[in-house]
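Heads up: the structure comes next, in structure tokens.
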Number of protein chains: 2
Amino acid sequence: MFSLLKNHINSRVLLTEEEFNICTKFFISKKLKKHQFLLNEGDVCKYIGFVNTGCLREYKIDNKGVEHILQFAIEDWWVSDLNSFLTGLPASYNIDALQDSDVLLLEKSAREELLKNCPKMERFFRLLIEANHVASQRRIADSLSASAEERYLKFIKTYPKLFEQVPQNQIASYLGITPQSLSRIRKELTQK
Amino acid sequence: MFSLLKNHINSRVLLTEEEFNICTKFFISKKLKKHQFLLNEGDVCKYIGFVNTGCLREYKIDNKGVEHILQFAIEDWWVSDLNSFLTGLPASYNIDALQDSDVLLLEKSAREELLKNCPKMERFFRLLIEANHVASQRRIADSLSASAEERYLKFIKTYPKLFEQVPQNQIASYLGITPQSLSRIRKELTQK
DNA sequence: AAAAGAAATTACCATATGGTAATTTTTTTT
DNA sequence: AAAAAAAATTACCATATGGTAATTTCTTTT
């Protein structure tokens with residue numbers, strides 16, 4: 001149940017067996033069915049979640065009813081509306097499961113306790129948000145400079161597992177194009 | 001010289017007079033002439049900079065030679081290639097001055113000393129990166145869902161000072177459109 | 001103040017992507 | 001296995017934005 005998380009943390013911060021065991025106490029395990037929500041826009045995000053199996057997505061719905069995906073989270077990734085989680089403000093995004101999924105949830109107060117009991121994890125969470133920041137910068141840069149086709153090819157290269165695991169219409173939403181456009185782009189690529 | 005920084009920090013973290021004075025010791029003041037570089041892509045980003053006066057920008061140049069602006073920093077804002085600064089890896093972006101500017105620079109080792117001498121600042125820097133993360137998420141969401149015209153109007157609303165201070169072609173670059181397109185959009189807006 | 005350089009505007013056509021709708025294929029539910 | 005639902009594809013036209021180039025306005029340098 002915690003073996004994936006153990007490797008995940010240990011590849012970033014060195015914890016003793018005992019320290020890691022303390023950390024695990026603060027997580028709650030939860031199974032999500034496909035389409036089940038972990039967070040609704042407007043609610044406060046109570047957890048950050050570590051994905052053990054399956055796949056979730058964080059997205060918003062615009063005023064025309066169209067979904068826009070900010071992030072996928074497959075196994076070995078974290079998911080939350082970090083702003084809402086940290087500030088207690090209502091969430092700007094929804095989070096739901098694209099497939100049946102197992103997640104480990106860390107509540108805000110549990111996280112604070114965890115950090116008290118295992119201060120090394122401060123560093124871990126700093127590294128996490130830094131990695132997130134880097135990825136966001138790159139995605140912004142790509143949205144400014146790359147065509148839909150280029151963004152699609154970069155996506156495949158950067159996230160090969162997501163590419164395999166996630167339906168095309170979801171990838172299109174992540175890339176900021178319609179499923180029809182992505183289908184056309186794919187066709188053009190095969191013809192090259 | 002430090003009064004702006006003082007208000008900036010105190011609005012986020014409460015420091016005593018003495019604590020703040022300790023912090024100031026770690027900053028280096030630097031004047032930049034318009035067009036002067038603070039960072040070149042490929043170099044390691046040695047500083048994070050707090051802008052006292054003027055305006056800088058963080059940007060990359062794509063393979064066609066076009067500039068794409070990731071961030072502006074006017075007075076009371078921070079600027080750096082955070083990834084490069086934190087990891088020591090070569091920077092992905094350039095930083096230069098759009099106007100003559102005064103900045104306070106904090107070197108990596110100075111920052112570490114500062115944090116040792118004034119641990120309250122840990123919280124400050126965490127809040128800083130969190131705010132950054134929120135802004136990035138919002139910008140990504142906008143790039144997915146909003147038209148160029150909508151992004152322009154949001155920009156004006158969100159950053160009225162930048163709108164006054166920064167040339168249009170730079171704003172266009174930030175929005176991911178050509179200066180000509182922005183000019184056309186502005187014309188259409190006046191006609192509405 | 002004059003000259004040079006940079007920024008903004010305008011126009012015309014090109015191209016990428018969107019909207020709508022119909023069809024086919026794949027997946028899920030019964 | 002059949003039926004229903006969802007996803008992917010295709011096509012046709014519409015629209016937003018880009019590319020190029022010329023002109024005007026504004027800013028900086030001499």
Side-chain angles (χ1 to χ4, degrees), chain A residues 32-36 54-55 57 59 62-69 72 96-101 142-156 162-192, chain B residues 32-36 54-55 57 59 62-69 72 96-101 142-156 162-192:
Chain A
L32 292 170
K33 281 285 172 195
K34 185 169 175 174
H35 298 136
Q36 194 178 341
C55 182
R57 59 177 184 160
Y59 65 100
D62 70 19
N63 40 31
K64 288 171 195 150
V66 181
E67 294 174 356
H68 301 282
I69 297 180
F72 295 110
D96 68 8
L98 285 175
Q99 310 163 3
D100 294 356
S101 302
D142 285 345
S143 82
L144 296 176
S145 65
S147 68
E149 179 176 313
E150 287 166 334
R151 297 201 303 279
Y152 176 61
L153 292 172
K154 280 194 191 188
F155 180 88
I156 296 172
L162 279 176
F163 171 63
E164 282 172 25
Q165 210 171 331
V166 171
Q168 263 185 61
N169 59 349
Q170 302 299 307
I171 295 177
S173 168
Y174 179 94
L175 295 174
I177 58 177
T178 59
Q180 292 88 334
S181 289
L182 181 53
S183 184
R184 181 179 29 71
I185 287 167
R186 283 163 52 83
K187 191 182 177 188
E188 285 163 10
L189 284 170
T190 58
Q191 287 167 357
K192 280 183 184 169
Chain B
L32 292 170
K33 281 283 174 196
K34 186 170 175 173
H35 297 136
Q36 195 177 342
C55 182
R57 59 178 184 158
Y59 64 101
D62 71 19
N63 41 30
K64 289 170 192 150
V66 180
E67 295 173 356
H68 300 281
I69 297 180
F72 295 111
D96 69 8
L98 285 176
Q99 311 163 3
D100 294 356
S101 303
D142 285 345
S143 81
L144 296 176
S145 65
S147 68
E149 181 177 311
E150 288 167 333
R151 297 201 304 278
Y152 177 60
L153 292 172
K154 279 194 192 189
F155 180 87
I156 295 172
L162 279 176
F163 170 63
E164 282 172 23
Q165 210 172 331
V166 171
Q168 262 185 61
N169 60 348
Q170 301 300 306
I171 294 177
S173 168
Y174 179 93
L175 295 175
I177 57 177
T178 60
Q180 293 88 333
S181 289
L182 182 53
S183 185
R184 181 179 30 71
I185 286 167
R186 284 163 51 81
K187 192 182 177 188
E188 286 162 9
L189 284 171
T190 59
Q191 288 167 355
K192 281 183 184 170

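Heavy-atom basis, side chains included; hydrogens, waters and symmetry copies ignored. Because the structure is a prediction, the values reported are computed rather than measured. Every chain is numbered from 1, with letters handed out A, B, ... down the list of sequences.
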*Roughly how far apart are A:Lys34 NZ and A:Leu98 CG, rounded to 0.5 Å?*
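Answer rounded to 0.5 Å: 8.0 Å.
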*asked:* Working to the nearest 0.5 angstrom, can you tell me the gap between B:Ile156 CD1 and B:Arg151 CZ?
replied: 13.0 Å
How long is the line joining [atom1] of [X] and [atom2] of [N], in whole Å?
X	N	atom1	atom2	result
B:Tyr152	D:dA16	OH	C1'	17 Å
B:Glu67	C:dA7	CD	P	9 Å
A:Leu98	C:dT27	CG	P	15 Å
B:Ile171	C:dT9	CD1	P	11 Å
A:Leu175	D:dA8	CG	C1'	16 Å
B:Gln170	C:dA7	CD	C1'	10 Å
A:Gln99	D:dA7	CD	P	12 Å
B:Leu189	C:dT9	CG	C1'	15 Å

_Step-by-step side-chain hydrogen bond (donor to acceptor under 3.5 Å, both in side chains) determination, B:Ser181 to B:Arg184_ = CA-CA 5 Å; B:Ser181 289; B:Arg184 181 179 30 71; 3.2 Å; yes
_I want to check one thing: is the phosphate of C:dA8, taken as OP1 and OP2, less than 4.0 Å away from some side-chain N or O of B:Arg186?_
no
*Ignoring backbone atoms, establish whether A:Asn169 has a side-chain N or O less than 4.0 Å from OP1 or OP2 of D:dA8.*
yes
[Y] backbone acceptor or donor facing [X] side chain under 3.5 Å:
X	Y	value
B:Gln36	B:Lys33	yes
A:Gln99	A:His35	no
A:Asp142	A:Ala146	no

*Between B:Phe155 and B:Phe163, does the ring centre distance come in under 6.0 Å?*
no
*Can you list the steps and then say if B:Tyr174 with B:Arg57 is a side-chain hydrogen bond (donor to acceptor under 3.5 Å, both in side chains)?*
CA-CA 10 Å; B:Tyr174 179 93; B:Arg57 59 178 184 158; over 6 Å; no
_Pairing nucleotide - C:dT30, Watson-Crick or G-U, each distance under 3.5 Å_ =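 Paired with C:dT30, as far as the under-3.5 Å criterion goes, is D:dA1.
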Would you tabulate the pairs of protein nitrogen or oxygen atoms and nucleotide nitrogen or oxygen atoms of nucleotides 17-22 of chain C closer than 3.5 angstrom?
{"from": "C:dT17", "atom 1": "OP1", "to": "A:Ala148", "atom 2": "N", "distance (Å)": "2.8"}
{"from": "C:dG18", "atom 1": "OP1", "to": "A:Gly176", "atom 2": "O", "distance (Å)": "3.4"}
{"from": "C:dG18", "atom 1": "OP2", "to": "A:Thr178", "atom 2": "N", "distance (Å)": "3.3"}
{"from": "C:dG18", "atom 1": "OP2", "to": "A:Thr178", "atom 2": "OG1", "distance (Å)": "3.4"}
{"from": "C:dG18", "atom 1": "OP2", "to": "A:Ser181", "atom 2": "OG", "distance (Å)": "2.6"}

_Looking at every heavy atom in both B:Lys187 and B:Thr190, which two are closest together, and how far apart are they?_
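B:Lys187 and B:Thr190 have their closest heavy atoms at O-OG1, 2.6 Å.
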Check nucleotides 25-30 of chain D for protein N or O atoms closer than 3.5 Å to its own N or O atoms and list the pairs.
{"from": "D:dT28", "atom 1": "OP1", "to": "B:Lys34", "atom 2": "NZ", "distance (Å)": "3.4"}

